[in-house]
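Nothing here was measured: the structure is a model prediction, and the numbers come from that model. Reminder, nothing fancy here: chain letters follow the sequence lines and each chain counts from 1.
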Protein chains: 2
Amino acid sequence: MARARKTSAPPAPTNAEPLDTSVLEGLIGYNARRAAIAIGGVFFERMAPYGLTQADFSVLALLAHNPGATSRQLCATLDILPPNFVNLIAALDRRGLIERRPHPRDGRAVGLHLTEAGHALAQETEKVVVELENELAGRLTERERTTVQRLLQKFYLRAER
Amino acid sequence: MARARKTSAPPAPTNAEPLDTSVLEGLIGYNARRAAIAIGGVFFERMAPYGLTQADFSVLALLAHNPGATSRQLCATLDILPPNFVNLIAALDRRGLIERRPHPRDGRAVGLHLTEAGHALAQETEKVVVELENELAGRLTERERTTVQRLLQKFYLRAER
DNA sequence: TATTGTTATACTCTATAACTATA
DNA sequence: TATAGTTATAGAGTATAACAATA
């Protein structure tokens, strides 16, 4: 761990000199945020050809495995506020990637389904993302990879706590 | 790991039913993002009495250990664009937490320093954040805690790769 | 010519209040 | 009365272009 000089005061950094970041790098919140932003940047680049944000991709991926899910379910799962979900869904609909069908047991709700094109895009982008993840995780052993996933989930999955 | 039903198709979820999130939870990017958001929410609550965002806190913490650092250095370290840094610094200045002094060796630059009040606030909020981190990390062993930090840093620290 | 700090500005993301139609 | 979906809107965060002062 030992994150460099924290004992002997650094000699007043000049403009291009790096700063002592040992305090921040000891914080899980800081590390998670920086990692998420960095990974998000790569995600954005790779998804540019498909025009999908992280949220878009998450919705398609969820619908691929949860056909007929409602906006309410997707919002709850992804922690998105319903008003902010409307445009996202509308855009996917306009692109012909999803279809809204009346919910079989609730007249208020709308069941969301992937179209043929939506299925194809979900499948292709999922492959791209998995490949991206494999590259990113290249610096980690298989064991480290599953470990970091499990540990991160403890912070946002309410589970049985 | 095994993240529940992925084989047998779920029976068309009803409105309150949880969705199958196994695909997303296998992605480090997704997990890092969700964890960062969750931790950020708790951070926001605890820092509300001090009126500090994560960025504000990061700047104060860095200045506490890097007196005289310039905006350019802080921007590079925290990955903030200079135009977005101006208001942040100006607000800290208005609150009397930092001081801008002419840079000893570069007339273009400004050396940033914590004031007495800034030092006090940095010290107090650092204690609060460390306590918060200890609570969050309570579900992790000490070894897991250092592991997750080290692994996350691999994604955003360019290091020797 | 390049860099530091800055202004102006636009675009995205996120958050709240309030409405409608169904339950 | 409560919930699903929606509208309008405000605020925060993030992005680019362009400028003055200094290197």
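The side chain of A/Arg72 places an N or O atom within less than 4.0 Å of a non-bridging phosphate oxygen (OP1 or OP2) of D/dA4.
If you look at B/Tyr50 and B/Phe57, their ring centroids are not closer than 6.0 Å.
The CE atom of A/Met47 sits 19 Å away from the P atom of C/dT12 (whole-angstrom rounding). As rounded to whole Å, 14 Å separates atom P of D/dG5 from atom CG of A/Asp93. In this structure, the CG atom of A/Asn84 is 15 Å from the P atom of D/dA12, given to the nearest Å. The CG-P distance, from A/Asp106 to C/dT20, rounds to 19 Å in whole Å. Between the C1' atom of D/dG5 and the CZ atom of A/Arg100 lies a distance of 9 Å, rounded to the nearest Å. For B/Arg108 and C/dA2, the CZ to P distance is 13 Å, given to the nearest whole Å. If you measure from atom CG of B/Leu88 to atom P of D/dG13, you get 9 Å, rounded to the nearest angstrom.
The pair A/Arg46-A/Glu135 meets the salt-bridge criterion, with a side-chain N (NZ, NE, NH1 or NH2) lying under 4.0 Å from an Asp/Glu carboxylate O. Taking the charged nitrogens against the carboxylate oxygens, A/Glu25 and A/Arg34 have no contact shorter than 4.0 Å, which rules out a salt bridge.
Along DNA chain C, the nucleotide closest to B/Pro83 and the one closest to A/Pro83 are compared, and the more 5′ of them pairs with B/Pro83. Closest-nucleotide positions on DNA chain C for A/Leu81 and A/Gly107 were compared, and the one nearer the 5' end corresponds to A/Leu81.
Scanning both residues, A/Pro67 and A/His65, for their nearest heavy atoms gives CD-C, 3.5 Å.
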